[in-house]
Amino acid sequence: MTSLPRQAERGIAQRAPGRWIALGVLVLAVLLVAVDATVLGLATPYLSEDLRPSGTQLLWIGDAYSFVIASLLVSMGGLGDRVGRKRLLLAGATAFGLVSVLNAYAQTPEMMIVARALLGVAGATLMPSTLALIRNVFEDPRERTLAIGIWSAAASAGMAVGPIVGGLLLEHFWWGSVFLINMPVMALLVVVGIKMLPESRNPSPGPWDLPSVVLSLVGMVGVVYAVKEAAAGGFTWPALAAGLLGAAALHAFVRRQRRLPVPLVDVRLFRNRGFSAAVLANLLTILGLSGLLFFLSQYLQLVQDRSPFRAGLAELPVAAGAVVA
């Protein structure tokens with residue numbers, strides 16, 4: 001007798017009004033984070049003319065944002081489990097909008113690298129929070145699958161649409177405008193998110209392991225720094241030392257995760273071939289997409305002498321392919 005009312009209540013929860021509006025807010029957040037990963041591609045020639053960065057600095061300007069996001073995704077997901085995913089999402093969206101201003105008005109290459117890294121920190125709070133909130137908003141398995149598919153398509157499309165958005169803005173404004181568009185979008189996200197998104201957290205999250213966070217950051221920074229320095233100036237001793245330090249930190253990170261009762265990353269999942277294959281496929285896809293967009297953005301402008309917007313339109317098939325995939 002009691003099971004029927006509970007099932008009815010659950011059915012009402014599954015079809016709660018406003019869930020698709022909530023999804024729209026979450027998709028908007030992930031779309032903007034993805035757009036910012038590639039929107040700077042077409043602006044690189046203009047930025048280089050104003051800031052005069054070295055080759056290595058230009059690489060860091062382009063990659064610091066995505067690199068920091070990748071380094072902090074797991075840590076920020078754990079933080080959201082503890083402080084609340086909605087709270088972390090709204091705080092991250094506010095920070096994302098404010099730091100975008102710092103990016104737009106950076107005066108030196110060093111300032112630009114720091115601003116891009118800070119934008120990555122804010123972006124890292126958004127990605128895991130949006131996906132976790134989708135799991136809470138959509139209790140029905142079929143609707144949840146559709147919602148996650150829409151979320152994934154937005155993430156892929158955002159990276160591919162970034163050059164088009166950047167090209168359109170560069171036709172009429174200076175390169176900093178590609179960052180200023182973040183402010184009104186994030187303001188809308190915060191206003192609607194406060195009303196439409198439910199709060200959620202893990203009731204038993206376990207401790208937030210700060211040494212694991214530090215080890216993952218040191219490992220990623222060391223390895224990436226070594227690769228960039230080796231690409232720019234060959235295998236120097238500083239690059240080799242950074243690479244060894246990063247590799248040692250990542251090794252220590254993996255060993256620590258295997259010992260912790262509640263790890264940041266359950267590395268035993270990689271024993272599953274399906275899981276490992278999916279991660280590898282995603283990695284190769286993102287590497288290919290990012291590299292192709294960066295190359296095409298420079299080639300279409302500097303070699304074929306296209307305007308920023310025409311160069312962005314030429315990359316439109318990439319956007320369509322990413323959404324379909």
Side-chain angles (χ1 to χ4, degrees), residues 33-73 75-76 95-96 98-125 127 159 162-163 166 170 174-179 182 213-247 249-250 283 286-299 301-302:
V33 171
V35 164
D36 267 63
T38 56
V39 73
L40 198 59
L42 291 173
T44 298
Y46 304 92
L47 184 150
S48 299
E49 185 177 351
D50 285 349
L51 302 185
R52 301 290 180 181
S54 65
T56 302
Q57 287 175 330
L58 187 60
L59 286 174
W60 277 110
I61 289 172
D63 296 341
Y65 172 77
S66 300
F67 166 62
V68 171
I69 286 182
S71 302
L72 292 178
L73 272 180
S75 302
M76 289 301 179
F96 199 93
L98 295 176
V99 176
S100 295
V101 179
L102 182 62
N103 280 260
Y105 293 101
Q107 300 296 315
T108 64
E110 294 81 7
M111 183 179 178
M112 189 66 186
I113 293 171
V114 172
R116 289 284 284 169
L118 291 176
L119 195 66
V121 174
T125 67
M127 295 290 282
M159 292 187 64
L170 290 168
W174 98 112
W175 60 264
S177 62
V178 301
F179 297 109
N182 295 337
V213 176
V214 174
L215 285 173
S216 64
L217 282 174
V218 172
M220 293 289 290
V221 169
V223 171
V224 173
Y225 177 84
V227 172
K228 288 183 178 295
E229 288 298 315
F235 290 95
T236 61
W237 284 112
L240 181 60
L244 291 175
L245 176 63
L250 289 177
L283 174 62
I286 296 300
L287 285 175
L289 179 62
S290 301
L292 179 64
L293 290 176
F294 183 81
F295 169 76
L296 286 178
S297 297
Q298 313 311 309
Y299 177 80
Q301 291 184 98
L302 302 178

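Of all non-hydrogen atoms in Pro53 and Pro109, the two that sit nearest each other are CA-CG, 3.8 Å. Closest approach of Ala239 and Ala226 over heavy atoms only: O-CB, 3.2 Å. Closest of all the heavy-atom pairs between Ala115 and Val99 is O-CG1, 3.6 Å. When all heavy atoms of Ala104 and Gly176 are compared, the closest pair comes out as CB-O, 3.3 Å.
Between Val68 and Met220, the closest side-chain pair of non-hydrogen atoms is not below 4.5 Å. Between Leu51 and Gln57, the closest side-chain pair of non-hydrogen atoms is not below 4.5 Å. Between Arg116 and Leu119 the shortest side-chain heavy-atom distance falls below 4.5 Å.
Using a distance-only test at 3.5 Å, with no hydrogens or angles considered, no donor-acceptor pair links the side chain of Asn103 to the main chain of Phe179. A donor-acceptor contact shorter than 3.5 Å links the side chain of Tyr65 to the backbone of Val33.
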> Could you walk me through whether Leu72 and Leu217 pass the side chain to side chain contact (heavy atoms under 4.5 Å, CB included) check?
Replying inline: CA-CA 8 Å; Leu72 292 178; Leu217 282 174; 3.7 Å; yes

>> Determine whether Met76 and Val121 satisfy the following criterion, side chain to side chain contact (heavy atoms under 4.5 Å, CB included), listing intermediate values before the conclusion.
In response: CA-CA 9 Å; Met76 289 301 179; Val121 174; 4.1 Å; yes

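For the atom pair CG of Leu118 and CG of Leu102, the computed distance is 6.5 Å after rounding to the nearest 0.5 Å. Rounding to the nearest 0.5 angstrom, the gap separating the CG atom in Leu244 from the CG atom in Leu240 is 4.5 Å. Note that the OG1 atom of Thr108 and the CG atom of Asp50 stand 12.5 Å from one another [nearest 0.5 Å]. Note that CG of Leu250 and OG of Ser216 are 8.0 Å apart. Values are rounded to the nearest 0.5 Å. For the atom pair CE (Met112) and CH2 (Trp175), the distance works out to 4.5 Å, reported to the nearest 0.5 Å. How far CH2 of Trp60 is from OG of Ser54: 12.0 Å, rounded to the nearest 0.5 Å.
Aromatic ring orientation, Tyr105 versus Trp174: tilted (interplanar angle from 30° to 60°).
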